[in-house]
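Every chain is numbered from 1 and lettered A, B, ... according to where its sequence line falls, protein lines coming before strand lines. The figures here come from the full heavy-atom set of this structure, side chains too, leaving out hydrogens, waters and symmetry mates.
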2 protein chains.
Amino acid sequence: MERKPTEVRQEEIKKALLEIVDTEGLHNLSTRKLAEKVGVTEGALFRHFKSKREMILSIVDGVEEVLMKSLQTVAMSDASSKDRLFRFLCVHVSYLIENKGITMLLFSEAAHSNDSELKSRMLNVLNTQKQLAKKIIQDGIAGGEWDSSLQVENVATLYMGIPISLNIELVLNPLGVNTENFCKKMICLLERALMKSK
Amino acid sequence: MERKPTEVRQEEIKKALLEIVDTEGLHNLSTRKLAEKVGVTEGALFRHFKSKREMILSIVDGVEEVLMKSLQTVAMSDASSKDRLFRFLCVHVSYLIENKGITMLLFSEAAHSNDSELKSRMLNVLNTQKQLAKKIIQDGIAGGEWDSSLQVENVATLYMGIPISLNIELVLNPLGVNTENFCKKMICLLERALMKSK
DNA sequence: TAGCTTAGCAAGTAATCACTTACAAAGCAA
DNA sequence: TTGCTTTGTAAGTGATTACTTGCTAAGCTA
């Protein structure tokens, strides 16, 4: 019976929760499994969070504070659009790899949560990602780096599929997807689509 | 108390199941809700399928028979690669729109099902989609339509994100995504990435 | 060391899950 | 009309869910 301060346990619980969502899916996330993974009883979980919902909301807090702030910083930096887009994707992808359950949690809660607060926060995260990508693309077109006949919206839509392509890739080919290579390959293709014709 | 032949009820059940998965998510799919949606009691469901699992397997049968056969036909046709890729995406996307729960069902069961038969069939569907896309791309490169420096695998990976981009799009912007426009826009971008440089 | 707060456990709770049982009646074939 | 199969219902089943309760003891502060 090991005692730890609540801040430490909260982090352990959030980490274990994401691991379960990643390896077994949201529909297999139960407080029983979670307690087992953390190494405490179910009762102990509720000493640190008042409900399962609060655990998930606390994870969303982290996404907003860490991922979204980083993406914002990259999108607003003064590097070239090409560089910004590459770094944007790298930050995005490496966060999703470090926090593997996030993609499924984000996507399935954004689409299907009964909880309207949770749902709208998830939607906001997805929407903000897309808006930031649009900003970079718009800048690149306005600055003459990319083709002016492109529709920003469509490029951003294509971009939004990439992090999930990675997820499909990890499912189809679990042995290994090299993060950096993945980003380089995808950016290389995106860049081809973006560059000026002729 | 309306009586219908089992074949009719089976179709009603599968349709209702996909509607629930689409609107409320897999984690909100219960036999109670399903029975309510079909308009019968829970017991009646089990007259037509021996388990919830069998209902889902029966849906997978349909995906294999309808979607995968259509995709195969398009991929193997003798049109130009450009045309085949466009028609491939259109068939793919319109099937997912007609059967809206399929994407989430496919994706989340492929990634996280406890049921190894179900899981491997879902993975096979995703993998076959990717292989067929690769065939079209490979043909286009070999036939001189597209740039020979492209890596087929990477283009197929990017392609696989498109149907899910559509799903994100439907979540972010539920009011309407025009199927045909969506396909045209995405193919237009893909085509830019694929065409020969200079 | 005394006392208080905190973090843990064991054993519950009601609600919900997929699924079953016993029985009724619809509808067709003889 | 008789009798059998099929499709339905109502009311269960045990298992599992998120969460609570009552109690214990660890560990800091005075």
Atom [atom1] of [X] to atom [atom2] of [N]: distance rounded to whole Å?
X      : N      : atom1 : atom2 : value
A:R53  : D:dA18 : CZ    : P     : 15 Å
A:D115 : D:dA18 : CG    : C1'   : 15 Å
A:K52  : D:dT20 : NZ    : P     : 14 Å
B:H48  : C:dC19 : NE2   : C1'   : 15 Å
A:N28  : C:dC17 : CG    : C1'   : 14 Å
A:R32  : C:dA11 : CZ    : P     : 14 Å
A:Q10  : C:dA7  : CD    : P     : 9 Å
A:E54  : D:dC19 : CD    : P     : 10 Å

Show, in sequence, the C-alpha distance, side-chain angles and deciding distance for B:I56 and B:M122, and conclude whether the side chain to side chain contact (heavy atoms under 4.5 Å, CB included) test is met. CA-CA 11 Å; B:I56 293 174; B:M122 295 291 195; 4.3 Å; yes
Where A:R192 and B:S149 come nearest, the two heavy atoms and their spacing: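 Distance-wise, the nearest heavy atoms are NH1-OG, 4.0 Å.
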Heavy atoms only: give me the nearest B:K134-B:A156 pair and the separation to one decimal.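 So the minimum-distance heavy-atom pair works out to CG-CB, 3.4 Å.
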Would a 4.5 Å heavy-atom cut-off, applied to side chains only, mark A:R84 and A:D139 as touching?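 When only atoms from C-beta onward are counted, A:D139 and A:R84 do touch, with a gap below 4.5 Å.
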Any side-chain heavy atom of B:V63 within less than 4.5 Å of one from B:L67?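 They are in contact (side-chain heavy atoms under 4.5 Å apart), so the answer is yes.
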Please lay out, stage by stage, how B:L29 and B:E24 fare under the test side chain to side chain contact (heavy atoms under 4.5 Å, CB included). CA-CA 7 Å; B:L29 172 68; B:E24 309 186 56; over 6 Å; no
Name the one of A:N127, A:V125, A:L132 that satisfies side chain to side chain contact (heavy atoms under 4.5 Å, CB included) with A:Q129?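 Between A:Q129 and the candidates, side chain to side chain contact (heavy atoms under 4.5 Å, CB included) is satisfied uniquely by A:V125.
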Is it the case that atom NZ in A:K37 sees more than 12 heavy atoms from other parts of the structure closer than 6.0 Å?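 Atom NZ in A:K37 is crowded, with more than 12 foreign heavy atoms closer than 6.0 Å.
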Please work out which residues in residues 13-25 of chain A have a non-hydrogen atom less than 4.0 Å from an atom of DNA chain D and list them by number.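 Those residues: none at all.
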DNA chain D-proximal residues of residues 36-46 of chain A, any heavy atom under 4.0 Å: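 Within this stretch, A:E42, A:G43, A:F46 sit under 4.0 Å of the strand.
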Side chain to side chain donor-acceptor pair (under 3.5 Å), that's the test. Do A:S148 and A:K196 meet it? Break it down for me. CA-CA 8 Å; A:S148 60; A:K196 295 182 175 181; over 6 Å; no
All N/O contacts under 3.5 Å from nucleotides 24-30 of chain C to the protein, with atom names and distances to one decimal?
unit_1: C:dA26; atom_1: N3; unit_2: B:R3; atom_2: NH2; d: 3.3

Would A:R9 and A:V40 satisfy side chain to side chain contact (heavy atoms under 4.5 Å, CB included), going step by step from the backbone distance to the final call? CA-CA 10 Å; A:R9 281 289 189 219; A:V40 294; 3.6 Å; yes
Tell me what B:L29 touches on the nucleic acid: a base, only sugar-phosphate, or nothing, going by heavy atoms under 4.0 Å.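 Counting heavy atoms under 4.0 Å across all strands, the contact made by B:L29 is with sugar-phosphate only.
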Please state whether the rings of B:Y159 and B:F88 are parallel, tilted or perpendicular, taking 30° and 60° as the class boundaries.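 It falls in the tilted class, 30° to 60°.
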Name the closest nucleotide to the A:S30 side chain, picking from C:dG8, D:dA18, D:dC19.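 Selected nucleotide (nearest to the side chain): D:dA18.
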